[in-house]
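Working notes, structure below.
In each ligand, atom 1 is the first atom listed, and ligand 1 is the first ligand listed.
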Amino acid sequence: MCGIVGYIGKKTAQDVLLTSLKRLEYRGYDSAGIATLDDDNQPQLARAVGKISELEQVVQQAPHAGHLGIGHTRWATHGGVTTVNAHPHHVGDIWLVHNGIIENYKDLKAELSDVDFASDTDTEVLAALINREYTAGVKLQDALAKALKRVRGTYGVAVFSPREPEHIVVARLGSPLVIGVGQGETIIASDASALLGYTREAIYLNDGELAVCSRDNVDVFNLNLQHLNAHAETIQGDLAQIQKGGYDHFLLKEIMEQANTLQNTLSGRIDPQAGTMRLGGTNLSPQELKTLRHIVIVGCGTAYYAGLLASYYMEQLIPDITVEVVIASEYRYRSFHLPAHSVALIVSQSGETADTLACLREIKKRGTKTLGIVNVVGSTIAREVDGGTYVHAGPEISVASTKAFTAQVVAMLMFAGMVAESHGGNKALISELTQELAMLPAEIDNTLKTHQQTIEQLAKKYAKFDDALYLGRDTAYPVALEGALKLKEVSYLHAEGYASGELKHGPIALVDETFFEVFDILDNWLFEKSIGGLHEVRARGGKTIVFTNATDKDIEADDIVRLNTPIKHLAPLLLNNLQQLFAYYVAVQRGNDVDQPRNLAKSVTVE
Ligand code: M6R
């Protein structure tokens with residue numbers, strides 16, 4: 001979603017702002033802009049619709065010379081995708097970039113009837129509100145704090161004024177802001193990855209905090225302007241992790257590097273010899289683990305599907321526990337009740353998804369313990385949960401989530417293994433799964449490399465279709481859902497995932513020669529039933545692709561990709577790897593913007 005950057009220091013601000021904005025491109029955006037203050041304290045503005053490269057062209061025509069500035073990538077909410085609606089906005093001496101939504105902007109706008117608004121945005125209303133306070137002669141931080149107290153909604157903001165060229169003032173509520181502390185320079189961003197290469201020391205602003213950022217100093221306050229103690233933390237990761245490393249797209253890189261990233265997820269958490277798994281950081285006492293009776297898994301999109309797949313393993317592993325998996329955007333508004341001895345797993349790659357964060361807060365209000373299954377270190381969800389774990393998949397730059405899915409499922413599986421042990425669960429199964437986890441990185445690598453070319457060819461064949469159904473049973477069902485999501489996200493093909501058993505209850509009506517059907521078929525006790533669905537589709541002229549781990553069973557389909565792997569329980573993850581590659585190559589065939597698919601944002605920080 002929208003990205004914020006800011007810079008004050010010795011370097012030319014426009015260069016730092018443009019570089020940092022490029023690092024945020026993966027979040028998804030439709031326009032961008034920067035505003036700087038030159039050394040004579042004259043503000044300069046550049047905005048453009050489209051990619052940062054468009055903005056660079058605007059800047060090239062009229063370069064900015066100053067050493068202070070703010071920048072923004074906008075994902076439109078209020079007002080269309082136009083240059084005038086792009087940030088930064090300014091009213092009077094207030095120059096502002098904003099992430100989030102000002103929910104009461106209409107009421108505020110009505111109060112500001114003397115202002116001649118140029119844009120349709122809620123952000124410009126906020127700028128006008130701050131400006132009204134500022135014209136009363138107070139300092140910038142006072143004006144900002146006063147204005148923010150009037151606001152209902154969410155914000156991450158960075159503001160400067162030519163009257164106070166010695167600092168940028170920032171604040172957050174529900175939208176992330178990180179302040180990089182450098183040598184004689186301060187860099188502001190909505191995502192720590194934008195700071196890499198400039199500094200490793202960062203202050204993560206909390207909700208309700210405001211900071212005055214100068215070259216050599218950062219002062220943090222609450223909205224009553226009481227000074228707070230803030231500590232810089234060390235940012236993890238490095239520049240190489242956020243570069244393509246020789247691949248054409250981040251999506252392909254992130255699919256292909258899963259064997260390595262999974263090693264990080266597993267590291268120190270499984271003991272294949274003892275046949276045990278252990279996930280640190282959950283902050284659950286042995287007693288709490290033992291008495292646990294109910295697990296609710298919360299997520300959106302791919303994180304939800306990861307939870308759904310993990311829930312099948314949890315039920316198999318822990319006999320005396322109920323597991324429910326919920327979509328965050330629904331659950332947050334339901335009158336849900338969680339029984340005693342419940343725990344909530346809050347699953348999020350970014351750790352910033354607004355709906356998931358809202359659920360976390362609702363669940364905490366009800367007194368249930370929350371555990372994060374989060375990838376981005378230092379993210380809001382990671383900071384607000386009672387315990388939990390980082391999945392250590394590394395930065396995921398491509399908007400479509402791939403390696404995070406694998407890591408999330410595995411992290412939740414290790415959690416389940418640990419709970420199962422304390423519940424006297426099936427020891428043999430815990431051990432088998434532990435052995436499979438140990439083998440999984442090598443099997444992922446083997447699967448991807450063995451089938452990459454075949455999948456590329458398949459993609460060429462099927463890229464001309466416009467509709468697809470993905471079908472799977474049992475643990476292959478969440479994989480079918482995820483496969484359809486991945487395909488639609490990056491290829492823009494219409495794709496739906498269904499439980500194979502549902503085929504006859506409706507979707508089979510769609511089957512004809514214009515659709516193709518992907519069957520995820522596991523070599524297990526439901527094999528014959530899955531094959532039944534495949535026959536029904538073929539009998540009606542459907543074009544079928546089968547992804548399966550059945551090596552020696554007769555299967556009739558237009559195309560079959562057979563895994564050859566000793567992995568059984570975790571084979572759904574390998575089938576998913578094939579689907580990830582398939583979606584990638586179909587998108588490439590269709591000439592799409594693979595890493596930044598239209599209309600999507602990496603981190604969905606608005607509702
Ligand atoms: O950052 P999160 O895991 O909380 O994001 C949840 C979804 O927005 C995300 O998985 C989305 O569905 C992706 N575009 C999937 O590829």
Tell me which one of [options] gets a heavy atom nearest to [atom].
atom: atom 7 (C) of ligand 1; options: Cys300, Ala583, Ala306; value: Cys300
atom: atom 11 (C) of ligand 1; options: Glu489, Gln408, Lys486, Glu396; value: Glu489
atom: atom 5 (O) of ligand 1; options: Thr353, Ile346, Leu251; value: Thr353

Provide the number and element of each atom of ligand 1 under 4.0 Å from a heavy atom of [X].
X: Ala303; result: 3 (O), 10 (O)
X: Ser401; result: 15 (C), 16 (O)
X: Ser350; result: 1 (O), 2 (P), 4 (O)
X: Ala400; result: 16 (O)

**Asked** Looking at Thr447, Asn446, Leu448, which hits side chain to side chain contact (heavy atoms under 4.5 Å, CB included) with Ile444?
**Response** Leu448

Identify the closest protein heavy atom to [atom]: which residue and atom is it, and at what distance?
atom: atom 8 (O) of ligand 1; answer: Val604 CG2, 4.0 Å
atom: atom 3 (O) of ligand 1; answer: Gln349 N, 2.6 Å
atom: atom 15 (C) of ligand 1; answer: Thr302 OG1, 3.0 Å

**Item:** Leu600 touching ligand 1 at heavy-atom level, < 4.0 angstrom
**Value:** no

**Asked** Any idea which part of Glu352 is under 4.0 Å from ligand 1, heavy-atom wise: side chain, backbone, both or neither?
**Response**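 No part of Glu352 is near ligand 1 at this cut-off.
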
**Prompt:** Below 4.0 angstrom, N of the basic side chain to O of the carboxylate: do Lys51 and Glu54 qualify?
**Reply:** no

Less than 4.5 Å apart, side chain to side chain, heavy atoms only: is that true for [X] and [Y]?
X: Leu251; Y: Val399; answer: no
X: Lys364; Y: Asp386; answer: yes
X: Lys22; Y: Thr19; answer: no
X: Val49; Y: Asp30; answer: no

**Asked** Does any N or O in the side chain of Asn375 come within less than 3.5 Å of the main-chain N or O of Gly394, such that one atom is a donor and the other an acceptor?
**Response**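 Looks like yes, one N/O pair under 3.5 Å.
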
**Prompt:** Is the shortest N/O to N/O distance between Lys602 and ligand 1 below 3.5 Å?
**Reply:**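 It does not: no N or O of Lys602 is found under 3.5 Å from an N or O of ligand 1.
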
**Message:** Just verifying a value: how many Å separate Ile4 CD1 and Leu21 CG, rounded to the nearest 0.5 Å?
**Reply:**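 Going from the CD1 atom of Ile4 to the CG atom of Leu21 covers 10.5 Å.
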
**Request:** Identify whether NZ of Lys or CZ of Arg in Arg590 sits under 6.0 Å from the centre of the six-membered ring of Tyr492 and within 45° of that ring's axis.
**Result:**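 No, cation not above the ring by the 6.0 Å, 45° rule.
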
